[in-house]
Protein chains: 2
Amino acid sequence: MLETVTPTQTRADEAFECLQTAIVKGELAPGEKIGEVELCERFNLTRGPLREALGRLESRGLLVRRPHAGFKVVSINGEELLELYRIREAMEGLAACQAAERMTDAEIADLQRLLDRHEEMVDEAQGQAYYQHEGDYDFHYCIAMGSRNRKLSQMLLGDLYYMVRLYRYRLSTSAGRPHRALREHRSIADAIANRDGELAQFLMQRHINAARLNIEKKIQEGVLTF
Amino acid sequence: MLETVTPTQTRADEAFECLQTAIVKGELAPGEKIGEVELCERFNLTRGPLREALGRLESRGLLVRRPHAGFKVVSINGEELLELYRIREAMEGLAACQAAERMTDAEIADLQRLLDRHEEMVDEAQGQAYYQHEGDYDFHYCIAMGSRNRKLSQMLLGDLYYMVRLYRYRLSTSAGRPHRALREHRSIADAIANRDGELAQFLMQRHINAARLNIEKKIQEGVLTF
DNA sequence: ACGGATATTATTGTCAACAAAAATGCTTGA
DNA sequence: TCAAGCATTTTTGTTGACAATAATATCCGT
């Protein structure tokens, strides 16, 4: 069989996912100008589906376009990154609140086990890298899904997270923060387990606010440049 | 000159705006299945740009698609509509807070004048219809823009508002609410004029929460059906 | 007559050639 | 030598034809 891809999915969907991961992984750097034909060769597609995918990426804010002048990967400055965290604070606070009311007991147990695994990883030095990048994402992913709020999870998972992850490689949290972040995750999960929505909301907002302040500090120190 | 449209804009952009307004205006009803060729005749375009527009609409959540089975206009039930208001409460609260810190004095004056015009309209009986539908939107539009938070205003104006407006014709607020809504708008604008971000946030959240409760009541009364 | 399988049809997905616009580089004149 | 205008070239936007898939209707068997 020549075709290895799943047939239920359309070529444009492929293109969309390929591009999205390529952008998030940094293979296409922020601000980089991208040409259509170049991408076609790179991903073995024709321009039709590719353009469809580009349009979708644009309306999700991952690409910006000037008519007749092509697309480029979105690049945000420090201030805009901080603004993203302000939005996260508001939206994920809501998500945590609703998750506390709506997650099933089984899902909560899964969430706790996820944190158990993260705890093991943080103890190992090289686990930190994973935890800081993907582990944190996994946790917030669970909360967003647990909110049972379709549009909310769609906006978080489909828009905001991708933009934040654009800069995750530069955002490896400072020395003591992984442990602290894990503790904060734990307390949020506990509040959810106790079905205390208000507390979960408060803790989540404080958690994200702390992350924002951490980034702000780094920017002022000149560690993060844009 | 044959072409009356602005040339800087691409055909796909036209299609996108045409479709968007058609959906929001209710010319394409929620749940309605839409065929590509049908739309091509209706808007005088070819399928290429149309498909591009459809893809964008999909990733904004206004259309849903099943592969090889076409698009249909999104239709949400009562619960999902209420969830939308929960999101608005969180996000517009933030917007109001940031607007209080960042709007220029001139913009605030404009906002006040906007409310003056609304006040005149509410006094006239037929003005209510406008105020309930578009006037309310104008107010929230100003706040969103005033937040100076690009992604936040993009998510509010480009995603949420369009979905809410899908149901605006069914959502004409109950008898006494226009006056109350206007009073609430006034107090929010005053808080912004006083540069009191926290208060503006609180008032905005209470305002949207009141609107949500109003809808909830209507659903329970059976006035709103889905 | 009813259910299932198959053939048909209509619709969506894909492609490659064509047209238009913008960016680039070249020529030409001062 | 520099700048402005023009031609070239590259890249994007558009089109219509072609292929593949899913929905529909028909036919046959039980």
Side-chain angles (χ1 to χ4, degrees), chain A residues 1-20 22-23 27-29 31-75, chain B residues 1-20 22-23 27-29 31-75:
Chain A
M1 208 182 188
L2 261 84
E3 286 282 320
T4 55
V5 293
T6 52
T8 64
Q9 200 173 225
T10 170
R11 284 277 224 274
D13 291 329
E14 280 180 65
F16 178 75
E17 289 178 21
C18 282
L19 278 242
Q20 196 171 44
I23 291 171
E27 296 168 19
L28 297 169
E32 183 176 345
K33 202 245 178 189
I34 58 184
E36 292 186 1
V37 285
E38 180 192 348
L39 289 179
C40 288
E41 297 169 358
R42 186 162 171 178
F43 294 110
N44 264 359
L45 323 145
T46 53
R47 284 181 55 214
L50 181 87
R51 279 179 65 79
E52 208 178 304
L54 289 175
R56 287 196 234 171
L57 264 324
E58 186 208 2
S59 79
R60 293 209 178 180
L62 246 58
L63 296 178
V64 290
R65 174 177 63 157
R66 272 185 318 176
H68 299 99
F71 293 85
K72 65 176 189 185
V73 181
V74 70
S75 77
Chain B
M1 208 185 190
L2 259 85
E3 287 282 320
T4 56
V5 293
T6 53
T8 64
Q9 198 174 226
T10 172
R11 284 276 222 274
D13 291 329
E14 280 181 63
F16 179 74
E17 289 179 21
C18 281
L19 279 240
Q20 196 172 43
I23 291 170
E27 295 167 19
L28 297 168
E32 182 175 346
K33 202 245 178 189
I34 57 185
E36 292 186 1
V37 285
E38 179 192 349
L39 289 180
C40 288
E41 298 170 358
R42 186 161 169 179
F43 294 111
N44 265 358
L45 333 138
T46 53
R47 282 183 56 216
L50 182 87
R51 279 179 64 81
E52 208 179 304
L54 289 174
R56 287 196 234 170
L57 264 325
E58 185 208 4
S59 79
R60 294 210 178 178
L62 247 57
L63 295 179
V64 290
R65 175 179 65 157
R66 271 184 317 177
H68 297 101
F71 292 85
K72 65 177 190 184
V73 181
V74 70
S75 76

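Computed over heavy atoms, backbone and side chain alike; hydrogens, waters and symmetry mates excluded. Chain letters run A, B, ... following the sequence lines, proteins first, then strands; residues in each count from 1.
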- Message: If you apply the rule side-chain contact (heavy atoms from CB on, under 4.5 Å), what do you find for A/T10 with A/E52, and how did you get there?
- Response: CA-CA 11 Å; A/T10 170; A/E52 208 178 304; 5.9 Å; no

Rounded to whole Å, please give me the gap between [atom1] in [X] and [atom2] in [N].
X: B/E38; N: C/dT12; atom1: CD; atom2: C1'; result: 14 Å
X: B/R11; N: C/dA21; atom1: CZ; atom2: P; result: 11 Å
X: A/L54; N: D/dG13; atom1: CG; atom2: P; result: 9 Å
X: B/N44; N: D/dG16; atom1: CG; atom2: P; result: 12 Å
X: A/R56; N: C/dG13; atom1: CZ; atom2: C1'; result: 12 Å
X: A/L50; N: D/dT14; atom1: CG; atom2: P; result: 15 Å

- Reckon A/T10 has a side-chain N or O less than 4.0 Å from the OP1 or OP2 of C/dT12? no

Can you name the atoms? Protein N/O to nucleotides 9-12 of chain D N/O, anything below 3.5 Å, with the distance.
from: D/dT12; atom 1: OP2; to: A/E36; atom 2: N; distance (Å): 3.3

Straight-line distance of [X] [atom1] to [Y] [atom2], nearest 0.5 Å:
X: A/I23; Y: A/Q20; atom1: CD1; atom2: CD; answer: 7.5 Å
X: A/C18; Y: A/R11; atom1: SG; atom2: CZ; answer: 11.0 Å
X: B/F71; Y: B/L28; atom1: CZ; atom2: CG; answer: 13.0 Å
X: A/E27; Y: A/L19; atom1: CD; atom2: CG; answer: 10.5 Å

Residues 58-66 of chain A side chain polar contacts: donor-acceptor under 3.5 Å, at least two apart:
from: A/S59; atom 1: OG; to: A/R56; atom 2: O; distance (Å): 3.3
from: A/S59; atom 1: OG; to: B/S59; atom 2: OG; distance (Å): 2.6
from: A/R65; atom 1: NH2; to: B/D13; atom 2: OD1; distance (Å): 3.0

